[in-house]
Amino acid sequence: MATYVFRCTECPDRPVFEVVRSINEPASPQPCPRCGDAGVRVFTPPALGTRSPGLHRAVDTAAASAESPQVVRSVPAGLPRPTARRWHPTTGAAPVHAATRPAGPHPPLPRG
């Protein structure tokens, strides 16, 4: 199915509307959804997508491994575990003592 763009010639603001048709159907004028008059086809560039080089490599690797997969005997080694504490949305980079933590949007808990 293809999407064709049409523009009405009779409406004052010349609205643009899209019609989805089979490619085999001729691109004959399409009636405007507002006034019913025949619209003129607007020629637009084709919607061609591009991929990043990394995505190309991933697709090529997946296609190659589908036909002849690599057989491994153990789990491949990954990156080493991080030595620094990870960031956390409530505590930040490292835990903060409650007495020194700045006041937040909620009322403080009762002390007692």
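Along the sequence shown, residues carry numbers from 1.
Taking every heavy atom of both residues into account, Phe6 and Gly39 meet most closely at CD2-O, 3.9 Å. Nearest approach of Cys11 to Cys32, heavy atoms of both residues: SG-SG, 3.9 Å.
To the nearest 0.5 Å, atom OH of residue Tyr4 and atom CZ of residue Phe43 are 9.5 Å apart.
Contacts of Arg7 classified as salt bridge (Lys or Arg N to Asp or Glu O under 4.0 Å), with partners at least two apart in sequence or in another chain: none. In this structure Thr61 satisfies the side-chain contact (heavy atoms from CB on, under 4.5 Å) test with no other residue, sequence neighbours excluded. Remark: Arg57 engages no residue in a side chain to side chain donor-acceptor pair (under 3.5 Å) (not counting sequence neighbours).
Alongside Leu55, the hydrophobic cluster contains Val59 (criterion: ILVMFWY side chains under 4.5 Å).
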